[in-house]
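Following: one structure in structure tokens, then a few remarks.
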Amino acid sequence: MALDTEYCSFWGKLKNEAVWNDWKWQLRSRFTKLGDFLEYMGVNADHCETQSNKIPFAVTPFYASLIKQSAHAEKLLKTVVPDSRELELSPYEKHDPLEEDENSPCPAIVHRYPDRVLFLVTNNCATYCRYCTRSRLTRLTPFNTSKSQLQAGVDYISQNKQIREVIISGGDPLFLDNTKLEWIISSIRQIDHVQLVRIGTKVPLVLPQRIDDELLTILEKYPPIYVNLHVIHPDELVTDTQAAISRLVNAGCVLASQTVLLKGVNDNNDTLQCLMEKLLRNRIRPYALFHCDLVAGASHFRTDIKVGLDLVDQLRKSSSGLAVPAYIVDSRGGKVALHSTNLMKETEDAYLLRNWSGNLVKHPK
Ligand SMILES: *Cc1c(COP(=O)(O)O)cnc(C)c1O
């Protein structure tokens, strides 16, 4: 992957390509001082807000360089730069809006639906999103889940036979090194009743160097591995991130996307259509478009639910059906897939349906 020469001249010393492509160097060298980051971006730091809701500020050199080269840098910046509006708490917002802590039979497990669990293996991320749904964890001192808690999680999964899917999440699971990751995946795979392993990650977009041969060899050993990418904007799919995604697909992973609908970032038809179609061209199936959760300090990112419904309707009109994700509102008690109402009326022998073009058609019962 090409070294960013602007990045080198910013720091005044030339790193070589091997260093730039070392994922551990990328993590060690993350921008963690907002002033440095904004200066590199060429953004006037006077306007920057330093007070935030305590989600850490960290951006990999790779993602910083991607944003800088984006034609929509100001949009992507909103998602990583702390903002004083994060301190505004709406009355209905909560630190744990999905009541995950109440559904946590042991520290690393969230068990809300009968057949599947979240396995939270770290609170670290390579780059932090300001609207993080799990900010109650990412705000804490960085930790990787301890071996004994991981073991307790594995034990819980093996003792509960109704669990057929484990979603490895965090933080970002690909933050962990390969030894730990392989221990987790192989331990889950040894449980007979677990059919599916899903990994939720943003790493291929913010740290594509992480998708190296050693990781791919591990992922290849335990099929099927479903990987759900957190992608929010078409500009995140550039040569290097697309190559990392391609390596995952070629290693047998099945890729899908989850996107958070974010005001001023991707809440318009052109951006979403471009994103969904670009995902498909990269062998990623658009899976979910999430209404921004009622997490504390994210109200400036939240759209009206009707905006989301209209946008998904627009996608259905203008794109392949493959490009249309489910629009999901996660509320107390679980996810709700919302659809605009297309079943307009019921008569004795037929339904009146509204089709993609808005026309009404009579469909016999
Ligand atoms: C979102 C979520 C899942 C996965 O839901 P899907 O509809 O299968 O994508 C599982 N457990 C918890 C607690 C979740 O929040």
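This one's a predicted model, so the numbers in the text were calculated from it and none came from an experiment. Computed from heavy atoms alone, side chains included, the values below leave out hydrogens, waters and symmetry copies. Counting starts at 1 for both ligands and their atoms, following the listed order.
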NZ/NE/NH1/NH2 to OD/OE distance under 4.0 Å, Asp172 and Arg210:
no
So does Glu346 pair up with Lys365, basic N to acidic O under 4.0 Å?
yes
Can you check whether Val121's main-chain N or O pairs, donor with acceptor, with Thr145's side chain at less than 3.5 Å?
yes
Is it true that Tyr63 and His233 have ring centroids separated by less than 6.0 Å?
no
Measure from NZ or CZ of Lys33 to the centre of the six-membered ring of Phe57, then state whether that distance is under 6.0 Å and the direction lies within 45° of the axis.
no
Can you say whether the rings of Tyr7 and Tyr40 are parallel (under 30°), tilted (30 to 60°) or perpendicular (over 60°)?
perpendicular
Sub-4.0 Å heavy-atom environment of ligand 1, residues by chain
Val110, Arg112, Tyr113, Arg116, Leu118, Ile167, Arg198, Tyr287, Lys335
